[in-house]
Structures are given as structure tokens and as C-alpha cells.
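Worksheet for the structure shown next.
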Amino acid sequence: MSALRVRLVGALALLGLLVVLARLVHLQLVEGTAYALQAAARIRRIELIEAPRGRILDRHGRVLAEDVPAFELWADPSRAGRILEDRQGAERLGRLLSEAGFPDALGSLAAQVRRWQARNRGRRRPAEGEPRRWLTGLPDSAVYWLACRQDEYPGLSIERRQARRYPQGSLAAHLVGFLGAFDGKDLARLQEEGRDLGQLIARYGRAAVLLDEAFREEGYFADADVGRRGIEQSAEAELRGRPGVRVVSVDVVQGRRREESLIEPARAGRDVHLTIDLALQRAAEEALDFRRGAVVAMDPATGEVLALASRPGFDPNTLRGDYGRLLKDPGKPLINRAIRGQYPAGSIFKLVTASAALEAGLDPRGEITCDGALYEGATRYGCDGVHGNIDFLRAMEVSCNVFFFHAGRRVGSRRRAAQARALGFGAPTGLSLGGEELGGAVPAGDPLNLAVGQGRLLVTPIQAACMVATLANGGRPVRAVLRPERIPADAPSSIPVPPVVGPEALAEIREGMRRVVLSGTGSHAGLAAFQVLGKTGTAQVGKSDEGGPSPHAWFVCYGPDAAPSLAVAVLVEHGGAGGEVAAPIAAALFRARAAGAAAS
């Protein structure tokens with residue numbers, strides 16, 4: 001072969017190589033981004049579809065909690081770290097979100113990134129990030145700003161999802177509850193029970209876990225929002241529903257979904273209907289106003305709770321931003337005082353002493369002499385007045401301590417303690433709401449002053465309501481009910497619960513409570529107009545006449561007398577005299593009930 005021919009073949013080969021190299025350069029530098037995006041579009045991932053949460057409704061169908069459409073900002077922590085590394089971009093984003101009402105947004109994003117990094121520390125190949133909800137309720141202006149700059153913020157995506165809304169604001173907030181993240185204890189239990197979806201995915205793979213119906217039904221991601229208090233927590237399994245599943249095409253550069261295909265739709269949670277009457281609930285909270293305390297109203301025939309109010313309160317719509325401040329508030333607005341507040345019973349406990357003594361044979365017409373105190377050894381048990389010769393009905397009317405000291409001594413501490421337990425003190429009320437306190441155990445060897453509600457026994461407002469409801473319905477113990485009970489037509493008849501107070505004793509107690517409202521310690525609240533029977537209580541928590549705290553104000557009642565349909569317990573912390581402070585609050589509920597009946 002001639003040298004010319006060799007040089008020609010070499011030149012052709014070199015030219016072909018240069019063409020290939022040029023094409024590679026073109027593909028890499030000019031069309032590389034386009035091909036990378038096309039490749040990214042072929043990377044698919046299985047994701048959960050959030051199930052709409054069920055509504056919470058009052059007895060008339062009025063909405064207490066519901067899901068509404070809202071814009072959310074989701075973040076993939078495996079990519080969002082780049083946002084924080086870009087100082088100028090992060091500052092711009094932080095200013096926008098602060099103006100939109102999320103002043104600590106970048107801090108929470110950094111925490112998400114740190115948690116993801118901690119889980120992947122030491123791994124040769126970090127696990128794929130799981131996009132999770134970051135911010136809820138973005139205003140339209142923020143949505144538009146972010147939509148125009150998505151390329152600047154990898155790992156973020158705007159989603160139109162469901163957000164929880166509480167249309168009544170702070171009304172019934174303690175009862176309804178709120179959503180929040182798992183605390184440490186609950187998260188540990190979730191992991192022990194094998195229901196942490198993140199851990200399960202790491203162990204078995206995304207497809208195996210998310211396509212499994214049982215895992216979706218019972219499992220949660222560690223940063224999911226769940227019911228944290230009230231009905232939102234106690235009815236979590238019903239309200240939550242079951243998440244669906246979809247396949248999404250993911251842009252691995254920007255971490256955004258580009259295409260979606262449905263595998264199984266989400267199943268919405270079930271609505272939860274409560275026995276609460278929103279009109280009575282509003283009346284109770286408005287009557288409490290700025291005072292610290294609680295009101296419980298029940299139907300004594302069924303035990304259905306019609307109002308469960310606690311003050312001070314909070315607005316669950318703004319709780320995320322307010323939570324730190326509320327935790328530090330000395331008024332403890334997050335505590336549901338109706339079921340968790342524990343207080344000395346004061347003179348409402350005289351109803352317990354009266355029922356025990358009358359059942360033991362106390363002659364209601366027999367008189368004792370009140371000289372203003374009773375002495376037992378060197379111990380003085382005082383009274384609020386000097387009442388002279390006094391029988392049971394007059395003692396109820398004026399709330400004479402000395403009479404009930406004698407009655408309590410006659411019946412004995414053990415029988416009195418047993419009667420207190422029979423009327424619901426020191427025991428759960430049956431309320432399907434987490435966090436109920438039982439009150440103190442009823443002491444059997446108590447000092448004499450427990451006969452008038454002073455001493456070691458503490459009670460909750462819901463227990464006081466159950467006690468007076470028991471007296472209203474013929475002496476049969478009442479179990480508190482928050483959700484209507486549907487009894488199947490073919491269910492066997494239940495065995496009637498025997499009364500814990502007999503008819504003769506009840507008749508005397510009823511007449512005594514009538515006198516309290518007509519002419520006694522509870523006569524200034526206008527309750528007689530509604531045929532209400534009641535008992536006041538002023539529970540000492542120190543020596544107020546020596547600069548100590550004022551006593552707690554109690555009032556328990558039911559009405560109307562002929563056919564009781566409403567039993568009420570009111571507690572005002574350090575309110576003073578029960579007849580002056582707590583009884584008018586109870587009257588507000590009877591006025592609201594009467595106004596509602598007239599309107600209907």
C-alpha cells in the first residue's frame with residue numbers, strides 16, 4: 001500500500017473519530033440537561049395519597065372540625081440542604097415565608113435536613129428522601145412567588161392538599177382537640193409496634209410496604225400529623241381513613257413530581273358525631289368568660305354530655321404558632337379543667353353525706369343545735385354562721401356545716417366513703433376522652449371535715465356532674481357519654497342498674513335542693529324560674545381571711561324538677577362564694593336551653 005493511501009485512510013479514521021467526539025461533546029454539553037430530564041422522568045416512585053380526615057360534628061350536625069383545601073409546601077430533606085447552603089437564596093426564601101406568617105420556617109427545614117442526615121450518617125449510599133409536609137396554609141402570594149422560582153429551590157414542591165380547620169375557633173377546643181406530631185413516647189411506641197413506615201421501608205422496600213393495605217391502615221411516617229388531644233386523638237382511627245397509593249415520575253435533579261398514575265384511591269375517614277350541643281357549649285364558655293374554671297352539662301337520663309367547657313382556652317387554628325407561648329402561660333390554657341382539674345369538693349359534697357346519712361336512718365325532721373362550731377377533742381370544726389336549732393332541710397338551705405358534721409359522724413367515714421364512690425367520685429366517668437383524672441381516692445378513715453367536702457378528697461367537674469345527674473334520674477349511676485350510642489334492635493335487654501339512693505332519701509334531698517334555689521345560698525341567680533334544684537359549694541384552699549387564695553366556687557344543679565333534662569356542674573377557680581359566682585353561670589345554660597326550645 002502506498003504511503004499516500006495510508007495517509008488517506010488515517011485521515012478518514014481521524015475524521016470519523018472527530019465526528020464521534022464532536023457528537024459526544026454536543027450531547028454532553030448542549031443537550032445534556034434535556035437528556036438528564038428525560039432520564040429523570042423515567043425514575044418512578046410509589047407514594048401515599050393522603051386520606052381526607054373525617055369531620056367532627058355536634059349533635060345537630062354543626063361542624064367543629066373539617067378538612068379544607070389548602071396550599072402546602074413540601075420538602076425532600078435529601079435535596080433541601082442545597083437551599084440552606086445558598087445563603088442569599090435562603091435569606092430571600094426566609095423573608096418571604098416570614099411575611100407569609102411562618103417566621104421560623106427555615107429553622108424547621110434545617111431540622112428536617114439534620115434528621116435525614118443523622119439517619120443516613122455512615123451509609124455508603126444514602127436512602128432516598130421522602131417528601132414530607134413542611135408548611136400548611138400558604139397564601140396565594142407566596143404560592144405564586146415560589147411557583148415562579150422552583151428551579152432555585154431544589155427539593156421543594158407546592159401541593160394542593162387538605163388542611164385541618166376548626167370553624168368554631170376556640171369554642172370547644174379542649175373537647176375537639178388538635179393535630180400535631182408524635183411526641184417521643186408515642187414515637188417510641190409506634191416503632192416498638194412495627195408501625196413506623198420509614199423504618200419499614202428501610203427494611204422491606206418502598207413497594208412492599210406502601211402496597212400493603214395493612215401497613216397503610218396502621219402505619220404512620222414519624223413526622224405525620226395525628227390527633228394529639230381531645231376527640232382528634234381518641235377517635236384517631238376513625239377520623240384518619242386509609243391512605244391511597246400512586247406512582248409518580250420524579251425529577252431527581254429538582255426533586256419534583258412530573259407525572260402521576262393512580263394505583264388505589266384514598267379512603268376518607270369517617271365523620272364523628274358528638275352529643276355536644278354547640279349552643280349550650282357557647283353559653284357555658286361565654287358565661288365563664290375570663291375566669292379560670294369549667295362547666296359540664298349532661299342529660300341525666302342518658303348521660304349524654306351536652307357541654308364540656310374549660311377556660312382559659314386556645315384557638316386550634318393558630319396553635320402551631322402559639323404553642324410555645326401557651327405552654328408558658330401561668331393560666332395553663334391547654335389543660336382541660338373539666339376532666340383534668342382536681343379540686344376540693346366543698347359543700348357540694350354535703351349531697352353525698354346527706355344521701356349516706358338518710359339511707360342510714362337519719363331523721364330529716366330531727367334537729368341539732370348549731371353554735372357556730374363543733375368540737376371533737378381539741379379540734380374545732382367551724383361553720384359560716386350560728387344557726388341555732390336546725391333540721392335537715394334548713395341545713396341544706398343555709399349550708400350549715402355543723403349539721404353535716406353531726407350527720408357525717410353518725411354515718412361513719414367508711415359508709416360515707418362508699419357512698420361517695422357509688423356516686424362516682426374517685427372513679428372514671430366512662431367519658432371516651434383521653435386524659436381524664438380520677439380525682440383522689442376516697443379516704444375511708446378521713447377527718448370529720450370531709451363530711452362538708454374539705455380534706456384529702458379531690459374531685460373533677462365531670463365527676464360532680466355525674467353525681468348530680470345520678471340524683472336527678474332517680475339515684476341510678478350515670479355514665480358520661482360523648483358519642484351517641486347506637487344499640488342494635490336485636491341486642492339483649494340490659495339489666496337495670498339498681499339505684500344507689502333510695503326514693504325516700506331522694507325526696508328529702510330534692511326538697512333541700514329546691515330550698516337552696518328558692519331562698520337559700522343559691523337564690524340570687526334566677527334559677528327558680530326554670531324549676532332548678534341545686535347545691536352551692538365554697539371550697540377552701542387556704543385561709544383567705546389571712547391573705548391566702550380565695551376559695552373555689554362550685555354549683556351543681558338539675559332541672560326542671562318535674563322531668564329533669566339538664567344537669568350542670570360549674571367550678572370557678574378561686575371564684576369565692578358558689579352561690580354568687582358559679583350559680584349565675586349555671587343559670588346562663590338554662591336560659592340558653594329555654595331560648596333554644598322557644599326558637600325551635
Side-chain angles (χ1 to χ4, degrees), residues 283-297 307 309-312 331 337-338 341 343-351 370 372 382-387 390 393-404 452-454 459 461 464-465 467-468 512-559 566-594:
E285 295 195 21
E286 289 179 352
L288 273 173
D289 198 17
F290 61 88
R291 305 176 185 93
R292 298 181 189 178
V295 178
V296 180
S310 177
R311 283 294 178 99
R337 285 168 162 80
Y343 309 94
S347 289
I348 66 168
F349 196 80
K350 290 173 182 174
L351 295 171
C370 171
C383 190
D384 291 335
V386 177
H387 299 113
I390 190 168
L393 293 180
R394 178 63 178 162
M396 283 283 287
E397 182 180 358
V398 299
S399 200
C400 175
N401 285 352
V402 169
F403 183 93
F404 285 96
V452 298
Q454 298 294 154
V459 305
M467 174 200 68
V468 76
M513 294 174 72
R514 180 182 291 108
R515 293 194 183 191
V516 168
V517 170
L518 286 174
S519 54
T521 54
S523 61
H524 304 297
L527 285 159
F530 303 104
Q531 302 176 39
V532 172
L533 314 181
K535 182 69 189 79
T536 59
T538 304
Q540 303 294 329
V541 287
K543 295 184 177 180
S544 55
D545 57 348
E546 298 180 5
S550 298
H552 299 315
W554 278 103
F555 189 70
V556 295
C557 62
Y558 67 83
L566 188 61
V568 179
V570 179
L571 179 282
V572 179
E573 291 183 6
H574 307 296
E580 296 173 6
V581 177
I585 294 173
L589 270 72
F590 282 92
R591 283 196 298 273
R593 167 61 71 90

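Here the structure is a predicted model, which means the values were calculated and not measured.
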Over all atoms of both residues, closest heavy-atom pair of F555 and G534: CZ-CA, 3.9 Å
Whether S310 side chain and R337 backbone form a donor-acceptor pair below 3.5 Å: yes
Euclidean distance, R515 CZ relative to L533 CG, rounded to 0.5 Å: 12.5 Å
Sidechain-backbone polar pair: W554 side chain, P461 backbone, donor-acceptor under 3.5 Å: no
Nearest heavy atoms of A297 and V568, plus distance in Å: CB-CG2, 4.2 Å
ring-ring contact (aromatic ring centres under 6.0 Å, His included) involving H574 - partner list, sequence neighbours excluded: H552
V581 side chain near R291 side chain, heavy-atom distance below 4.5 Å: yes
Gap separating the CG atom of L518 from the CD atom of E397, nearest 0.5 angstrom: 8.5 Å
Value rounded to 0.5 Å, distance of OH in Y343 from CD1 in I348: 12.0 Å
Heavy-atom side-chain contact between N401 and S347 under 4.5 Å: yes
Residues V402, H387; criterion side chain to side chain contact (heavy atoms under 4.5 Å, CB included); working and verdict: CA-CA 9 Å; V402 169; H387 299 113; over 6 Å; no
Spatial distance of atom CG (L527) from atom SG (C557) [nearest 0.5 Å]: 6.0 Å
Residue pair A284 / L589: nearest heavy atoms and the distance that separates them: CA-CD1, 3.6 Å
Side chain proximity check, V532 to F590, heavy atoms < 4.5 angstrom: yes
Closest heavy-atom pair and its distance - F530, A587: CE1-O, 4.5 Å
Residue pair H524 / E580, side-chain heavy-atom distance below 4.5 Å: no
R311 vs V295 side-chain heavy atoms within contact, under 4.5 Å: no
Spatial distance of atom CG (L351) from atom CZ (F404) [nearest 0.5 Å]: 7.5 Å
Between SG on residue C383 and CD1 on residue I390, distance to nearest 0.5 Å: 7.5 Å
Residues forming a side chain to side chain donor-acceptor pair (under 3.5 Å) with T536, sequence neighbours excluded: T521
K350 versus S399, side-chain donor and acceptor atoms under 3.5 Å: yes
Side-chain heavy atoms of R292 within contact of V572, under 4.5 Å: no
Residue pair A588 / A287: nearest heavy atoms and the distance that separates them: CB-CB, 3.8 Å
Heavy-atom closest pair, residues L288 and A309: CD1-CB, 4.3 Å
